[in-house]
Amino acid sequence: MNKTGLFSKLKWINTVSRRFARVDRKGRSAVTSFLATLGICFGVMTLIAVMSVMNGFQMNFIDAIMEVSSYHIRADKVPAEKSEEFMALCSQNKNVLSVTPFYEAQTLMTDETGRENAAVIRAIEPDVYTKDAGFKKEISMVAGSFDLSEPENIVLGYTLARQLRVGVGQTVNLLVLSGGSDVSLLSGDRNFIVTGLFKTGYADINSAYCFINIEAGQKYFGKFAEVLYGIKLKNSQEDARAIASLEKSAQSNNIEAHFQSWREYNKSFFGALRIEKNMLLLLVAIIFVVVGINIYNGMRRLVFERRSEIAILSAIGAENKDIKTIFIMRGLTTGAIGAFAGVILGLLISVNTEFLFNAAARVMYWLQYCVTAVFNHQNLMYVQENSSYAVYANIPARIFFREVVMIALFGIISPLLASWAASKNVLKMTVAEVLHNE
């Protein structure tokens with residue numbers, strides 16, 4: 001069939017489908033079609049809004065871990081004499097944004113009164129906070145400043161500081177410190193002055209991490225302590241390609257190095273987040289299954305109600321597959337309209353989550369206030385806004401284009417498949433039987 005013939009046939013199918021739709025604007029078919037479109041719209045809207053909030057919630061953790069803790073790629077086992085050459089090699093790679101050398105050890109930290117708390121202590125260069133934009137973005141200073149200009153300075157996570165009950169200007173001691181064989185396990189002389197308290201989007205970092213000057217790390221961790229390298233990429237999703245490129249460059253320069261991606265370093269945690277997200281997606285996607293079943297039942301009824309028109313179309317020469325396509329076109333139209341409206345509403349909700357959560361908090365407060373005033377007036381003073389809404393409002397929604405497209409396609413494919421399944425009943429009766437019954 002040439003393009004002109006195909007275009008004419010599609011035009012004819014669309015015209016008949018629209019005529020059927022105009023005839024069905026009243027009665028049960030119209031209600032079923034409207035509810036199906038509304039169901040697709042609300043399904044797409046809910047999925048986009050829920051996934052955007054979930055992305056924002058999870059990316060708070062993921063960004064903090066990758067920018068502060070694990071980096072995009074970790075490198076170790078680099079010979080000390082090759083350190084500068086290795087850093088220069090990494091910096092020359094087109095995928096690499098920055099390279100940061102650091103030491104890391106476990107410690108049991110004490111305050112001036114002897115109160116103890118376990119911590120991860122990381123020794124970094126003093127200018128990392130100003131040079132690493134990602135690090136600075138994720139580190140919010142609660143008190144003091146990120147000042148590691150002196151070897152005796154230390155910056156603590158604010159939860160760790162609260163557990164030790166120390167503040168800016170007070171002293172902490174690394175009582176127990178893991179390190180090389182030349183480092184004393186116990187010591188009361190590893191004293192540091194707290195210059196700042198920081199906060200990130202991940203609670204474990206706030207409660208366990210602290211930073212010191214890399215010179216202090218070299219002094220207290222021992223001369224046999226291994227230097228680690230945190231590598232930031234321009235695109236964190238290109239980690240596999242970057243590792244392959246860096247390994248090739250290292251081998252060609254006779255530099256021994258072991259690279260580890262952020263996916264491997266945080267495999268169990270990120271895997272749990274992925275399962276949580278997929279299960280939520282699956283549960284909410286059941287909306288499309290329910291809508292698809294309703295469309296299937298409604299379309300079967302529509303096929304039955306239009307059996308005389310179908311018989312006439314067949315009698316004047318319409319092919320069976322073309323008649324089926326008329327009803328499939330109805331399903332496509334229903335899905336497309338519902339998905340388009342759902343995408344618009346979902347995006348509007350996603351970019352205004354702060355306003356909506358705050359509005360919901362006020363509505364729930366006044367609703368509770370009114371009910372308490374009517375039925376339990378003496379407890380009116382205890383009515384307060386739910387603080388959890390403020391927490392949700394502060395989570396920035398993250399909209400991923402690929403997920404929006406996938407959700408919209410789900411919304412279109414669901415009624416399309418339902419219409420295709422229902423149209424299989426077209427012309428089960430012969431033309432003569434239909435016209436005889438009429």
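One is the number of the first residue; the rest follow in order along the sequence.
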Short side-chain donor-acceptor distance under 3.5 Å, Thr195 and Asn153: no
Distance-only side-chain donor-acceptor flag, Asn55 / Glu403, under 3.5 Å: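 Side chains of Asn55 and Glu403: pair found under 3.5 Å.
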Determine whether a donor-acceptor pair (N or O, by modelled atom type, separation under 3.5 Å) exists between the side chain of [X] and the backbone of [Y].
X      : Y      : result
Asn352 : Phe355 : no
Thr46  : Phe42  : yes
Ser350 : Ala397 : no

Enclosure of Phe102 CZ (heavy-atom neighbours >12, cutoff 6.0 Å): yes
Residues, nucleotides or ligands: over 12 heavy atoms within 6.0 Å of Phe57 CZ: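 No, not enclosed.
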Proximity of Tyr229 and Tyr71 rings by center, below 6.0 Å: no
Output field: ring centroids Tyr158/Phe198 closer than 6.0 Å: no
Ion pair check, Lys232 and Glu67, cut-off under 4.0 Å: yes
Cationic N near anionic O, under 4.0 Å, Lys94 to Glu238: no
To the nearest 0.5 Å, what is the distance between [atom1] on [X] and [atom2] on [Y]?
X      : Y      : atom1 : atom2 : value
Ile344 : Ile349 : CD1   : CD1   : 12.0 Å
Met66  : His72  : CE    : NE2   : 4.5 Å
Ser236 : Arg263 : OG    : CZ    : 7.5 Å
Glu104 : Phe221 : CD    : CZ    : 8.5 Å
Leu345 : Ile48  : CG    : CD1   : 9.0 Å
Arg165 : Asn117 : CZ    : CG    : 11.5 Å

Quick one: does [X]'s side chain get under 4.5 Å of [Y]'s, heavy atoms only?
X      : Y      : answer
Arg398 : Ser52  : no
Cys90  : Leu246 : yes
Tyr103 : Ile214 : yes
Asp147 : Val155 : no
Val172 : Val166 : yes
Cys210 : Ile154 : yes
Val405 : Phe400 : no
Phe401 : Met406 : no

Salt bridge (charged side-chain N to carboxylate O under 4.0 Å, His left out) partners of residues 339-351, not counting sequence neighbours, each pair once: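 Every pair satisfying salt bridge (charged side-chain N to carboxylate O under 4.0 Å, His left out) with a residue in residues 339-351: there are none.
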Contact summary for Gln368 and Thr372, nearest pair of heavy atoms: O-OG1, 2.7 Å
Closest contact, heavy atoms only, Gly342 versus Val44: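 The pair with the smallest heavy-atom distance is C-CG1, 3.7 Å.
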Give every donor-acceptor pair under 3.5 Å between a side-chain atom in residues 359-367 and any protein atom, sequence neighbours left out.
unit_1: Arg362; atom_1: NE; unit_2: Glu385; atom_2: OE2; d: 3.4
unit_1: Arg362; atom_1: NH1; unit_2: Glu385; atom_2: OE2; d: 2.1

Any residue meeting salt bridge (Lys or Arg N to Asp or Glu O under 4.0 Å) with Lys131, in chain and number order, not counting sequence neighbours: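 With sequence neighbours excluded, Lys131 shows a salt bridge (Lys or Arg N to Asp or Glu O under 4.0 Å) to Asp127, given in chain and number order.
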Full working for side chain to side chain contact (heavy atoms under 4.5 Å, CB included) between His258 and Arg74: CA-CA 8 Å; His258 173 256; Arg74 274 197 179 201; over 6 Å; no
